[in-house]
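Inspection log for the structure reproduced underneath, given as structure tokens.
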Amino acid sequence: MALNYIWTGFFLVGFVAALAQWLFLGDSEIFKRVIDGTFSSAKMAVMDIALPLAGVMTLWLGIMNIGEKAGAINLFARLIAPFFSRIFPGVPREHPANGHMVMNFSANILGLDNAATPFGLKAMESLQTLNPRKDEASDAQIMFLVIQTSGLTVIPLAIMAQRAILGAANPADIFIPTLIATFCSTFTGIVAVSLRQRINLLDPVVFGWIGGLTAIIGALVFYLTNYLAKAEIELVSVVAANLILFSIIAAFMVAALRKGVNVFEAFIEGAKGGIETSLKIIPYLVGMLVAISVVRNSGILGLIVNAFEWVFTQLGLRTDFVGALPTALMKPLSGSGSRAMMIDAMTTYGVDSFVGRLASILQGAADTTFYIVALYFGSVGIRKTRYAIGYGLLADLAGVIAAIFVAYLFFG
């Protein structure tokens, strides 16, 4: 419902703003600019984004299906199972919920949304069997949901695909910055909920996982900030990102061959979903990009950005990041809306501009908190969410702050 009001509000507020400019400022061209913008945005959504996206998504969904057939999900599941048993102390070790949650997060980490959502819904259903108050979220369900909203994804396929379509010189250059930002979001969510639920963060396994990953990320940031110049940091990001992605492809294929998987058939099987995925997003892209075009051409989006810029100027902070903030503000509400905001930022400021890259990092730094709450809790009839939304938004905020920091580190 929130997205319903926001989308409708874009058009109504845009109309009022255009009407005011005509009546009080004598701008007789304002309505033409708005309507021309709607046609242009609708065409761009289909011809310049959705259709080219089909090819990129076809490729990567095929690669990811090879990884799935090769046992990548099961490998991740075995690796993170000991950690999960500690942060979900209310779930018995042999309960099916453990397996469902581990499989869900393993699929999410690999960017396999088509596999992650069914596992996630099944995990929430399994956790509900342990819930003594069926209409109120349990501690385990809140922890599970907050980790979901933090959006931990190692390979941001869709974002890199969008950057490639819009002509980025190195579409994967946001890979490492996005990984750092989404780690900060997930780290904040897990630690905050653990403290609230009195989970022992000093347990050797928990401390080893959280402390070890934090040390790796911290050491990376320390090395980049203290030993490399900006140009060298960008070069490292590009080389490392593409090397990691190519290594993952090669590893998936080698593992699949060792298991006797017909690699090409597995690729074709997964690739079939590429066109379907692209076609599915056309109505969402058209709807959101046209609505954003209305608020941009009517002057409303400019006023919002200018307001943020004024606030940060008064605080004595840099303001060159404010053009990407609409993406961050939309992200907790709607994935399609924030994707449209990201695309709008990249087309307005340039795909390889600071704002364009920051918008991409913000898109990958967290997930759609309100949508996830509605989907996962709604699927099992939970009405009392307790502190789930607040802590999910806290994780989102940490991701936004981290995204801005790493954007300055890598591209500022």
Side-chain angles (χ1 to χ4, degrees), residues 6-7 9-11 13-14 17-18 21 27 29-50 52-53 156 158-171 173-174 177-178 281 284-313 318-331 333-365 400 403-404 407-408 410-412:
I6 290 172
W7 188 76
F10 279 177
F11 286 94
V13 171
Q21 291 176 66
D27 187 352
E29 295 292 315
I30 183 63
F31 295 111
K32 181 179 185 302
R33 288 200 303 273
V34 171
I35 295 301
D36 286 351
T38 62
F39 289 123
S40 175
S41 295
K43 178 184 175 183
M44 181 181 71
V46 178
M47 302 304 296
D48 299 336
I49 297 174
L53 182 64
I159 299 171
M160 292 189 294
Q162 295 287 3
R163 288 180 52 75
I165 290 165
L166 293 175
N170 294 291
D173 61 4
I174 52 89
T178 303
I281 69 171
Y284 298 98
L285 274 179
V286 171
M288 291 307 305
L289 284 177
V290 167
I292 292 168
S293 171
V294 169
V295 296
R296 178 174 291 284
N297 287 299
S298 66
I300 294 298
L301 192 58
L303 288 175
I304 293 173
V305 171
N306 289 339
F308 276 113
E309 187 171 358
W310 181 86
V311 170
F312 290 116
T313 298
R318 294 178 64 170
T319 59
D320 43 354
F321 66 90
V322 296
L325 286 183
T327 302
L329 295 174
M330 183 62 72
K331 185 64 179 183
L333 298 167
S334 165
S336 58
S338 62
R339 183 191 303 113
M341 286 292 189
M342 176 190 71
I343 293 169
D344 182 73
M346 288 193 288
T347 54
T348 301
Y349 295 92
V351 65
D352 284 328
S353 67
F354 176 77
V355 170
R357 284 164 161 160
L358 174 56
S360 300
I361 300 169
L362 288 168
Q363 176 71 1
V400 169
I404 295 172
Y408 278 120
F410 281 84
F411 310 117

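The first residue of the sequence shown is numbered 1, and numbering continues consecutively from there.
- If you take OG on S360 and CE on M160, they are separated by 11.0 Å, rounding to the nearest 0.5 Å.
- Here the closest heavy-atom approach between residue W7 and residue G287 is recorded as NE1-O, 2.8 Å.
- Ring centers of F354 and Y408: under 6.0 Å apart, within the cut-off.
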Candidate pair F10 and V290, rule side-chain contact (heavy atoms from CB on, under 4.5 Å), full reasoning
CA-CA 10 Å; F10 279 177; V290 167; over 6 Å; no

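- Contact between G323 and A345 at its shortest, heavy atoms only, is O-CB, 4.4 Å.
- Rounding to the nearest 0.5 Å gives a distance of 13.5 Å between CE of M330 and CG of L362.
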Before giving the answer on side-chain contact (heavy atoms from CB on, under 4.5 Å), spell out for R33 and D27 the whole-Å C-alpha distance, their side-chain angles and the decisive distance to 0.1 Å.
CA-CA 10 Å; R33 288 200 303 273; D27 187 352; 2.7 Å; yes

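- The aromatic rings of F312 and F308 lie parallel to each other, their planes meeting at an angle below 30°, with 60° marking the opposite boundary.
- Nearest heavy-atom pair, I30 versus S298, reported as atom, atom and distance to 0.1 Å: CD1-CA, 4.2 Å.
- Atom CE of M342 is separated from atom CD of Q363 by 5.0 Å, given to the nearest 0.5 angstrom.
- Closest approach of A365 and A403 over heavy atoms only: CB-CB, 4.3 Å.
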I'd like to know whether N306 forms a side-chain contact (heavy atoms from CB on, under 4.5 Å) with W310, so could you lay out the CA-CA distance, the side-chain angles of the two residues, the decisive distance to 0.1 Å, and finally the verdict.
CA-CA 6 Å; N306 289 339; W310 181 86; over 6 Å; no

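- Remark: of the listed residues N297, L289, V295, N297 is the sole one forming a side chain to side chain contact (heavy atoms under 4.5 Å, CB included) with S293.
- The shortest heavy-atom contact between T313 and E309 is OG1-O, 2.7 Å.
- Interatomic distance, CG of D173 versus OG1 of T178, reported as 9.0 Å (0.5 Å rounding).
- Between the T347 side chain and the I343 main chain, a donor and an acceptor come within less than 3.5 Å of each other.
- When all heavy atoms of G14 and V294 are compared, the closest pair comes out as CA-CG1, 3.9 Å.
- A heavy-atom distance below 4.5 Å is found between the side chains of L301 and P326.
- A distance of 13.5 Å separates CD1 in I361 from CZ in F321, rounded to the nearest 0.5 Å.
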May I have the step-by-step check of side-chain contact (heavy atoms from CB on, under 4.5 Å) for D352 and R163, ending in yes or no?
CA-CA 9 Å; D352 284 328; R163 288 180 52 75; 3.0 Å; yes

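- Atom-to-atom distance recorded for D344:CG and S41:OG is 7.5 Å, nearest 0.5 angstrom.
- Remark: side-chain polar atoms of R357 are not paired, donor with acceptor, to backbone N or O of I174 under 3.5 angstrom.
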